[in-house]
Amino acid sequence: MDYVTKHKYSTQSPDVYWKEQAELLTWFKKPEVILSTNSDDWHDWYADGELNTSYLALDYHIEQGRGEQIALIYDSPVTNQKQQFTYHELTEQVAKFADVLRAQGVAKGDRVLIYMPMIPQAAIAMLACARLGAIHSVVFGGFAAHELAVRIDDAKPKVIVSASCGVEIDKIIPYKPLIDQAILSAAFKPSYCIVFQRDMLKAELQENRDFSWQALMVNAVPVPPTPVKSTDPLYILYTSGTTGKPKGVVRDNGGHAVAMLYSMRHVYGMQSGDVFWAASDVGWVVGHSYIVYGPLLAGCSTIMYEGKPIRTPDAGAFWRVCEEYKVKALFSAPTAFRAIAKEDPEAALMQDYDLSSLERLYLAGERLDPATYHWLKEKTQVHVIDHWWQTETGWAIASIPLSTQQQKTKAGSAGLPVPGYNVEILDEHGNPTEANKQGCVAIKLPLPPGCLSTIWQNSARFKAGYLTSQPGYYVTGDGGYIDDEGYLFIMGRTDDVINVAGHRLSTGEMEEILTDHPAVAECAVIGIHDDLKGQVPLGLVVLKNGISQTNEELVKELKARIRAEIGGIAALKDVLVVERLPKTRSGKILRKTLRQIVDGEEVMVPSTIEDPEVLAELSPMLKMVRD
Ligand code: COA
Ligand code: AMP
């Protein structure tokens with residue numbers, strides 16, 4: 001079937017299309033009902049089906065004779081360690097760790113919070129939860145204690161699984177003090193913590209609450225997978241919204257397994273036995289989908305890389321891994337390649353490695369800027385594919401169909417809608433726009449399998465955030481257009497979410513933290529252009545009267561607050577102390593206009609501006625940030 005026919009078929013007869021895909025999985029109870037509406041007025045996939053995701057990702061492959069194939073490769077230039085697990089070995093570790101969790105009282109439906117660096121135990125813990133039908137919530141290791149506490153209070157995990165430390169370039173980050181601090185400040189108290197003790201730093205364990213992973217594994221016995229309903233949650237993954245409270249995106253088991261297998265085959269072109277590498281982190285959706293679940297469900301070998309694109313030890317690191325493990329497709333964020341291109345503009349280090357196994361490069365997390373697209377294409381001579389998705393969808397909404405990819409990719413475009421996604425551009429009245437006209441990017445319902453089933457314990461937020469403004473559509477929060485050949489161009493968020501080095505962050509949350517400072521009367525945080533990280537946050541604050549601290553001291557304190565509350569990944573580029581902020585007559589701060597001034601774009605001043613003088617006052621200062 002060609003792309004156009006396949007896409008039409010998938011959107012016109014979603015139940016038939018996705019029934020065929022579901023048949024490729026081994027269910028404990030095969031679904032008869034493919035697409036149905038639930039009591040929350042949302043659609044369920046495979047409502048009467050039963051399966052186990054850990055079984056499909058592990059035991060199933062052993063049954064198919066792949067037990068001795070490598071399932072997971074751990075490569076850690078920051079610790080000089082390498083390790084490989086066959087499907088047999090990984091299954092045994094997962095089944096035993098499931099026993100450890102069970103012994104701590106974890107059962108089907110219980111939540112387990114996983115706060116871990118990029119080590120195999122992170123994937124083992126995720127799969128062990130899936131084996132028991134427990135719901136994991138992985139928190140990115142770069143988040144600080146406050147972020148952890150917010151997630152503990154929302155997910156209410158029975159157990160926290162962690163490691164004694166993370167290892168970044170030139171520094172060791174002790175995790176246990178962060179967990180202790182988070183538990184102290186959270187209202188909900190998890191019963192136990194399981195800590196994987198790493199050689200470079202051992203954590204202190206609190207009696208009766210904290211246990212060493214290694215000690216608990218000694219007497220563990222493998223447990224079999226527990227059947228769960230297709231609609232039972234597999235995981236909650238928190239992502240930034242427009243407020244200080246992150247949204248707990250809930251993923252089901254059945255739709256997710258179907259979507260993961262489908263996307264591995266049809267978006268990434270991977271077959272069993274191929275090596276797939278998503279150079280991301282298990283704390284993000286890319287890590288969930290394409291470090292852990294996707295490659296394992298497809299019987300591939302996956303790579304967990306604990307390192308950076310540069311400085312571990314140099315800008316040839318990615319090419320070294322591709323050669324060493326014969327990677328067939330590599331997926332990372334554009335920022336990683338901008339970092340490599342900056343250090344090694346001629347790609348001289350690439351020449352040291354044999355990249356003959358590498359067929360395709362996939363980019364996501366932010367728009368692949370045309371300069372990086374051309375650089376990658378020229379230097380690697382492989383297919384460079386920008387594809388667009390979000391935590392909520394869990395897999396690509398747009399990409400380049402494999403059958404046509406050799407014919408056409410377009411610089412700056414995220415490709416064509418993937419089968420299953422009926423993408424439209426809507427104007428401010430909710431009407432589809434004509435080709436090449438920008439608007440809000442929306443997906444006509446139903447969403448295909450694998451997308452979010454709700455926001456954890458908050459279906460009202462789910463509906464208000466995604467479904468209400470354009471009835472019959474899921475609103476993505478991105479703006480963009482479709483050209484006359486059907487290619488989608490994603491031009492950025494229409495809300496207060498920004499992308500810093502491929503990390504999705506909320507400026508609203510940063511504003512809440514700044515406003516909490518006793519000297520701050522009001523503030524705005526905007527995402528401004530950065531050549532390396534895509535965007536970085538910039539703060540503007542108006543101070544209360546009678547503040548005795550110097551501006552210099554205050555700026556230092558405010559920057560430290562953001563680091564302490566969210567983490568180093570959210571470091572503010574700067575904080576400008578200003579007299580007034582530009583607003584509309586109804587009091588809305590003109591963040592977009594501020595950003596346009598800093599980024600040197602055409603400045604659109606809304607007619608509803610309260611006092612144009614404020615912008616005139618601020619402009620020289622804002623332009624200096626750019627320079
Ligand atoms: N645990 C603890 N701290 C972390 C961390 C983690 N997992 N990840 C990042 N940090 C810290 C860093 O140590 C750094 O701290 P510092 O300011 O005290 O030095 C800070 O957070 C910012 O880190 P980062 O955003 O990674 O910036 P960088 O300048 O160190 O590196 C890049 C820049 C582009 C090399 C890096 O951001 C990168 O590799 N990006 C790819 C991102 C990616 O894969 N995203 C996933 C989407 S697919
Ligand atoms: P996250 O939920 O962290 O994956 O971030 C999702 C957001 O990142 C999207 O809503 C987009 O704003 C942005 N994004 C991801 N991939 C792309 C892409 N290929 N092109 C443009 N923006 C992207």
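Computed from a predicted model, the values in this text were never measured in an experiment. Numbering of ligands and ligand atoms starts at 1, following listing order. Sequential numbering from 1 along the given sequence is applied to the chain's residues.
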Output the list of atoms in ligand 2 that are nearer than 4.0 Å to some heavy atom of [X], sorted by atom number.
X      : result
Thr391 : 1 (P), 2 (O), 3 (O), 4 (O)
Ile490 : 21 (C), 22 (N)
Asp386 : 18 (C), 19 (N)

Do the charged groups of [X] and [Y] touch, with an N to O distance under 4.0 Å?
X      : Y      : result
Glu168 : Arg311 : no
Lys82  : Glu324 : yes
Asp483 : Lys410 : yes
Asp199 : Lys202 : yes
Asp75  : Arg320 : yes
Arg563 : Glu557 : no
Lys592 : Glu601 : no
Glu552 : Lys559 : no

Subject >> Selection from Lys308, His503, Met118 by shortest heavy-atom distance to atom 26 (O) of ligand 1 >> reply: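 Looking at heavy atoms only, Lys308 sits closest to atom 26 (O) of ligand 1.
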
Original post:
Out of Ala501, Ala336, Ala571, whose heavy atom is nearest to atom 43 (C) of ligand 1?
Top reply: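 Nearest option to atom 43 (C) of ligand 1, by heavy atoms: Ala501.
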
Original post:
Considering distance alone, does some N or O of Glu168 sit under 3.5 Å from an N or O of ligand 1?
Top reply: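 Yes.
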
Is [X] in contact with ligand 1, taking contact as a heavy-atom separation below 4.0 Å?
X      : answer
Lys533 : yes
Lys171 : yes
Arg563 : yes
Gly365 : no
Phe331 : no
Ala279 : yes
Pro309 : yes

Residue and atom name of the nearest protein heavy atom (relative to [atom]), distance in Å to one decimal:
atom                    : answer
atom 18 (C) of ligand 2 : Glu366 O, 3.3 Å
atom 12 (O) of ligand 2 : Asp478 OD1, 2.5 Å
atom 7 (C) of ligand 2  : Asn499 ND2, 3.9 Å
atom 3 (O) of ligand 2  : Arg504 CB, 3.2 Å
atom 3 (N) of ligand 1  : Ile173 CD1, 3.5 Å
atom 23 (O) of ligand 1 : Ile569 CG2, 4.2 Å

Subject >> side-chain contact (heavy atoms from CB on, under 4.5 Å) between His374 and Glu378, intermediate numbers included >> reply: CA-CA 6 Å; His374 289 301; Glu378 185 201 318; over 6 Å; no

What part of [X], side chain from CB on, backbone N/CA/C/O, both or neither, has a heavy atom under 4.0 Å from ligand 2?
X      : answer
His503 : neither
Trp389 : backbone
Val497 : neither
Arg367 : both

Original post:
Would you say Gly365 touches ligand 2, if touching means a heavy atom closer than 4.0 Å?
Top reply: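 Yes; Gly365 lies near enough to ligand 2 that a heavy-atom distance drops under 4.0 Å.
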
Original post:
Are any of the N/O atoms in Gln390 less than 3.5 Å from those in ligand 2?
Top reply: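 There is such a contact, yes.
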
Subject >> Distance-only N or O hit between ligand 2 and His387, under 3.5 Å >> reply: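 Among all N and O atoms of His387, at least one is under 3.5 Å from an N or O of ligand 2.
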
Subject >> Worked check of side-chain contact (heavy atoms from CB on, under 4.5 Å) between Val441 and Val423 >> reply: CA-CA 7 Å; Val441 188; Val423 181; 3.7 Å; yes

Subject >> Sub-4.0 Å protein heavy atom near atom 32 (C) of ligand 1 >> reply: no

**OP:** Could you tell me whether atom 45 (N) of ligand 1 has at least one protein heavy atom nearer than 4.0 Å?
**Re:** yes

Subject >> Leu363: which of Thr335, Leu376, Ile385 passes side chain to side chain contact (heavy atoms under 4.5 Å, CB included) >> reply: Leu376

Original post:
Under the criterion side chain to side chain contact (heavy atoms under 4.5 Å, CB included), which of Val112, Val161, Leu234, Val138 is the partner of Met126?
Top reply: Val138

Subject >> Parallel, tilted or perpendicular: ring planes of Tyr175 versus Tyr115, cut at 30 and 60 degrees >> reply: tilted

Original post:
Are Leu148 and Ile179 close enough, and set up right, to give a side-chain contact (heavy atoms from CB on, under 4.5 Å), and what steps lead you there?
Top reply: CA-CA 7 Å; Leu148 208 45; Ile179 295 169; 4.2 Å; yes

Out of all atoms in ligand 1, which are within 4.0 Å of some heavy atom of [X]? Include the element for each.
X      : result
Val286 : 48 (S)
Gly502 : 47 (C)
Gly568 : 20 (C), 21 (O), 22 (C)
Thr335 : 34 (C), 40 (N), 41 (C)

**OP:** May I ask you to check if Arg151 and Phe143 form a cation-pi contact, with NZ or CZ under 6.0 angstrom from the six-membered ring centre and within 45° of the axis?
**Re:** yes

**OP:** Only one of Trp395, Tyr474, Tyr473, Trp389 passes ring pair (Phe, Tyr, Trp, His ring centres under 6.0 Å) with Tyr421; say which it is.
**Re:** Trp395

Subject >> Backbone of Ala259 reached by a side-chain donor or acceptor of Ser263 within 3.5 Å >> reply: yes

**OP:** Measure the CZ-CH2 distance between Arg461 and Trp456 for me, rounded to the nearest 0.5 Å.
**Re:**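 Nearest 0.5 Å value for the CZ-CH2 distance: 15.5 Å.
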
